[in-house]
Number of protein chains: 2
Amino acid sequence: MSARLLGVLGGLGPMSTFYFCELVTAHTRAACDADHIDMLVSSRASTPDRTAYILGRPGARDPLPVMREEARRLAAAGADLIVIPCNTAHYFYDGLAADCPVPILNIIRETVAFLQKRGVRRCGLLATEGTVASGAYARLCAVAGLECLTPDPAGQAVVSAAIYGAVKQNRPADAAALGRVAQDLLDRGCECLVLGCTELSLLRRSGLNQPWFVDALEVLACRTILTCGREPVGFPPAFDCLRGEATV
Amino acid sequence: MSARLLGVLGGLGPMSTFYFCELVTAHTRAACDADHIDMLVSSRASTPDRTAYILGRPGARDPLPVMREEARRLAAAGADLIVIPCNTAHYFYDGLAADCPVPILNIIRETVAFLQKRGVRRCGLLATEGTVASGAYARLCAVAGLECLTPDPAGQAVVSAAIYGAVKQNRPADAAALGRVAQDLLDRGCECLVLGCTELSLLRRSGLNQPWFVDALEVLACRTILTCGREPVGFPPAFDCLRGEATV
C-alpha cells in the first residue's frame, strides 16, 4: 500500500505529536511542499491519562473510547493509514485496531523488529510505568528472542519524573540522573537502550542522543515515510534495514 | 468565545505548520497533557503553490478550492476556531472566510494590530513575492497609519531564495545575505522587521532572532492561546499588549 492521507492519532502528549510530524517532514526527500505527505493530525490533549488507567489509579478514566472516536474521525476524513506517536497508548492497540477501518502502524512492533534485524540480544527500556507494567515491549521482545531489561524502582522513578514532572510541564529534565539510569542498564549488559516514551524522544534535542539510544519515535517516523511511499533521508545508516515490506 | 477544538489549516508548508503547533504547545501554561488545547491539524502539503498562483505563473493552479475543502473538513470535524499558519495563504482569506462556518484568525491583521499597539510607525516586511505582491500587509498597515517597506528587487530575491531554495528543501539558508537585507531595511528607518513568512519563522531557531524581528507566527500563536481561553507563558513582555478582546 502507499497511503494518500496519513492520520496521526495524537495529543498523547501534544509536544511529541508535533515533534513526530516534524521528524516525518524533516526526513522526507522533498524539493517543494507538495512532495511531503498529506497528514491529518488529531491532537486530543484531553484524552484521559494512559498510565494512570493502566496502573489502576483511583479515579482514572479509560482512554480507549476517546482514542476510538479519534481513529474513526481520522478514517472518516479520508486517512488510509494511522500512526500513534505514543508508546504507552499501544497498551490499547488491539482494542483500537479491532475497531478501526484502516491499518495502524504499531510503534512497539516496529521497534522490536528493528532491534531484531540489528542483531540485538539484550536491550534496556526507558518508558512510562504504564508501558513497563503493560509488558508490551517485554512480550514482543521475547517472541523475537530478545531480552528486555527495565530500570530498578529508583531508576524508574527518575524516568517517570523526567516524563511527568519535566517534559509534560515544559520544564528541564534531570539529564545527569537519567544518564545514571542509562549507565546502570548498560552495565547490566544491554547493547542498546530503547527510548520507549515519546516524551523521552523530545529530550534527544537537548540530550539522550548518545549512540546506544534507539528512539522508537524515529523508527516509527522512518517506517511511516516508507509506508507512505516516500524516500526517507537523513536517518542513521542503521535505519537502512527498515526498508522492505511494511508490517501493517 | 473560548474555542474547544482548534482547527489548523496547514501544510503551507508542512514544517512551519508543526512548528506553529509546537509554539502553541510550548507557550500554553500546562501541568499535564490535558491542560493543552485540543487541535485538529490538516497538513495538506499537496495544496497548489500560493505564490505561483498569486503571481500568475504559467500552469499555476488556484489553491482556494483545496483550502475551502480543508476548512470545511475541519469545521465538520468540530473545530470552532481556525488558524492558518501561513502568511501568503491570507491572500485567499476573504474568499475562505466567506464560505467558512467558524471564525478564522487572520495572521496579518493580528500582526499589524500588534505593531500599532506597540507604537511602530515604519516597519519592514520579509515575505514571499506572493505576499508582497498581494499588498496585504501594506494595505492593513496603511489603515493603521503605519508605513510598510519591502526589500529592493535584489533583496527580495535573497528572501525568496531562503524560503523556496532553502527552508522548503530542508537546506540551510544564507544567513549572512538575509542579514544584509535586514540591515538595509533598518538603514531605511524601519523600527522593526516583520517575519511575514512562516518559513522565515523557522529560521528563528538558528538565526533571525535579533530583537528587531517581529515574528508573525509567534503573534498568531499568542493570539491563538488567548482566543482558546488559555494562559500564554514565555513570550517576550512586549506580547502582553496582545491580551484583551479577540478580533475574530
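Letters go in sequence order (proteins before strands), and every chain restarts at 1.
Aromatic ring orientation, A/F92 versus A/Y53: tilted (interplanar angle from 30° to 60°).
Using a 4.5 Å cut-off between heavy atoms, B/E199 contacts chain A through its side chain alone, with no backbone atom that close. If you measure heavy-atom distances from A/R73 to chain B, the contacts under 4.5 Å come from the side chain alone. Contacts of B/L6 with chain A are absent, with no heavy-atom separation under 4.5 Å from either backbone or side chain. Only the backbone of B/C32 has a heavy atom closer than 4.5 Å to any heavy atom of chain A. Neither the backbone nor the side chain of B/R4 comes within less than 4.5 Å of any heavy atom of chain A. Looking at B/T28, only its backbone comes within 4.5 Å of chain A, counting heavy atoms on both sides.
With salt bridges taken as basic N to acidic carboxylate O contacts below 4.0 Å, one links B/R50 and A/D33.
The choice from A/L12, A/N170, A/D35, A/I37 that makes the most heavy-atom pairs within less than 4.5 Å of chain B is A/N170. With chain B as the partner, the residue from A/P48, A/G78, A/A34 showing the most heavy-atom pairs under 4.5 Å is A/A34. Taking chain B as the reference chain and counting heavy-atom pairs below 4.5 Å, the highest number among A/L5, A/V8, A/T25, A/V41 is found for A/V41. The choice from A/G10, A/G13, A/G165, A/S46 that makes the most heavy-atom pairs within less than 4.5 Å of chain B is A/S46.
Closest of all the heavy-atom pairs between A/A173 and A/A166 is CA-CB, 3.6 Å.
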Fill in: Criterion side-chain hydrogen bond (donor to acceptor under 3.5 Å, both in side chains) on B/T150 and B/Y137, from CA distance to verdict
CA-CA 10 Å; B/T150 51; B/Y137 269 96; over 6 Å; no
Item to complete: Step by step, work out the side-chain hydrogen bond (donor to acceptor under 3.5 Å, both in side chains) result for B/S201 and B/T198.
Response: CA-CA 5 Å; B/S201 306; B/T198 54; 5.7 Å; no
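By the 6.0 Å contact criterion, CZ on A/R205 is enclosed, its count of non-hydrogen atoms from other residues, nucleotides or ligands being greater than 12.
Screening A/V24, A/T224, A/N106 for a side chain to side chain contact (heavy atoms under 4.5 Å, CB included) involving A/V83 leaves a single residue, A/T224.
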